[in-house]
Amino acid sequence: MDLAWGEDFTVLSDVSKSVFVRYSPLEDRSNNVPFADQIAQFAELGWLQLGDPTGVDADSPLLGTIAGVFVEMGRALAGTPLLDLMTARDAALLSGTEKAAAIAERIGCGEAVVIPAFPAADWGSVVSYENGVLRGTALAVGYADRADSFLVHATGSESVVAVVDSAAARIEAMPNMGEYPMFAVTFDDIPVVDDAVLARGADADRAALVAEQRADVLRAAQVYGAGLRLLDITVLYAQQRHQFDGAIGRFQAVQYLCTDIAIAAHLTSAHARSAAGAIDAGIDPQPYLGLMRRQAAKAALQIVHSAHEVHAGIGYMVESNVHLFTDAAKRWQYDFGSAARNDAEIVSALDRIYTGA
């Protein structure tokens, strides 16, 4: 399989680099683009309509191309709702109904803020659907306080993907070290009318699964971009910081730590490209995704650990940017799921490959 990014990756990456400068806390800690302005800009750029997860539109950019936006988002450590909105749109399109397509269109035009509330069972987050009623809690839902509605994937006697008005849910902030806009969204016996259900059964499960798979690839691209930026910061510090009559970068132990950052970032890139290539080619992506998630979660930890080792105490100071990467890494580790879940997926995928089951 070709491990290159998509055809127009570099073009999209260059545009994204100029966009995310004004979002980046690395450039200016006071950067704070209003939420409504972010939505408007992404809609104007056409980013809310990037990609066709159904594969029908041959002219739509591939996932490996779209990753260019997210590499630069990670490099800038830009906090935006772009991935959440794109994931909701993907799930709506994959639901395959006219009402779902209409919702996807509204998201793509920036007319509706629809946030996915997909529970992560391995973290104890479950939403069930029984007799037309939603019950349960989705954890770590980004930007839930800004949502017009939620796109919920619920399981139970029947799986559904449904749209739920945000006013019907209970939204509670989840304090976290990175101060990310994360929330617990609870559905307390909320009735769901038939018109709000976009997909049922296997169609609902597949819509949520594929949308999450695509999101994970783009999230891994963010980790790669963050790793590249942190590598630049750490190498520069190793050149500028002097001890014992010379730059600390001349010590082999420091060079090893910088190399660890580079290896972790580039391994994540290789796995992300492999997973994107499988999805774009219509190949079963599970073997590639399990390995990618495992590597990306490991890399998120590795890059910040090595950077802190080089920077020592200054890396924890407010004046340093290194701790900002640590905050982001904690969120990414959660998003990629537990090691147990990823290992189980890898084993299951390999078993299917070698047994043909």
Short N-O contact, [X] and [Y], less than 4.0 angstrom:
| X | Y | result |
| --- | --- | --- |
| Arg135 | Asp188 | no |
| Asp284 | Arg352 | yes |
| Glu27 | Arg22 | no |
| Arg200 | Asp194 | yes |
| Arg229 | Asp232 | no |
| Asp327 | Arg331 | no |
| Arg214 | Glu212 | no |

List the atom of [X], the atom of [Y], and the distance in Å for their closest heavy-atom pair.
| X | Y | result |
| --- | --- | --- |
| Glu309 | Leu257 | CB-CD1, 3.5 Å |
| Phe336 | Arg341 | O-NH1, 3.8 Å |
| Leu50 | Arg89 | O-NH1, 3.5 Å |
| Asp148 | Glu111 | OD2-O, 4.5 Å |
| Pro285 | Ile279 | CB-CG1, 3.7 Å |
| Ile66 | Met86 | CG2-CE, 3.7 Å |

Any link between [X] and [Y] through a network of hydrophobic side chains (Ile, Leu, Val, Met, Phe, Trp, Tyr) touching at under 4.5 Å?
| X | Y | value |
| --- | --- | --- |
| Leu289 | Leu291 | no |
| Phe70 | Met292 | yes |
| Phe183 | Val114 | yes |
| Leu82 | Leu151 | yes |
| Leu324 | Val223 | yes |

task = Walk me through it: do Gln38 and Thr80 pass the test side chain to side chain donor-acceptor pair (under 3.5 Å)?
result = CA-CA 7 Å; Gln38 294 185 42; Thr80 82; 4.7 Å; no
[X] (side chain) donor-acceptor with [Y] (main chain) under 3.5 angstrom:
| X | Y | value |
| --- | --- | --- |
| Arg250 | Ala247 | yes |
| Asp245 | Gln243 | no |
| Thr234 | Leu230 | yes |
| Ser60 | Asp52 | yes |
| Ser166 | Ala147 | yes |
| Gln295 | Ala264 | yes |
| Asp8 | Val11 | no |
| Asp280 | Thr65 | no |
| Ser348 | Ala344 | no |
| Ser24 | Ala76 | yes |

ask   = Below 6.0 angstrom between ring centroids: does that apply to Trp47 and Phe20?
value = yes
message = Between Tyr143 and Leu85, does the side chain to side chain contact (heavy atoms under 4.5 Å, CB included) criterion hold? Intermediate values first, please.
response = CA-CA 10 Å; Tyr143 302 94; Leu85 293 168; over 6 Å; no
ask   = Does the side chain to side chain contact (heavy atoms under 4.5 Å, CB included) test come out yes or no for Leu134 and Val152, once each step is laid out?
value = CA-CA 9 Å; Leu134 284 180; Val152 185; 4.3 Å; yes
key: side chain to side chain contact (heavy atoms under 4.5 Å, CB included) between Tyr224 and His266, worked out   = CA-CA 7 Å; Tyr224 169 54; His266 286 289; 3.9 Å; yes
key: Whether over 12 other heavy atoms sit under 6.0 Å from Asp189 CG   = yes
Option passing side chain to side chain contact (heavy atoms under 4.5 Å, CB included) with Pro81 (candidates Leu48, Val113, Ile39) = Ile39
key: Side chain to side chain, Val164 and Phe187, heavy atoms closer than 4.5 Å   = yes
query = Under 4.5 Å between any side-chain heavy atoms of Gln239 and Leu236, yes or no?
reply = yes
task = Determine, step by step, whether His311 and Tyr316 satisfy the ring pair (Phe, Tyr, Trp, His ring centres under 6.0 Å) criterion, reporting the C-alpha distance in whole Å, the side-chain angles of both residues, the deciding distance to 0.1 Å, and the verdict.
result = CA-CA 9 Å; His311 283 79; Tyr316 295 94; 9.9 Å; no
Worked check of side chain to side chain contact (heavy atoms under 4.5 Å, CB included) between His153 and Asp205 = CA-CA 8 Å; His153 176 226; Asp205 290 337; 2.9 Å; yes
query = Does the pair Gln302 and Ser306 meet the rule for a side chain to side chain donor-acceptor pair (under 3.5 Å), with working shown?
reply = CA-CA 6 Å; Gln302 179 70 65; Ser306 297; 2.8 Å; yes
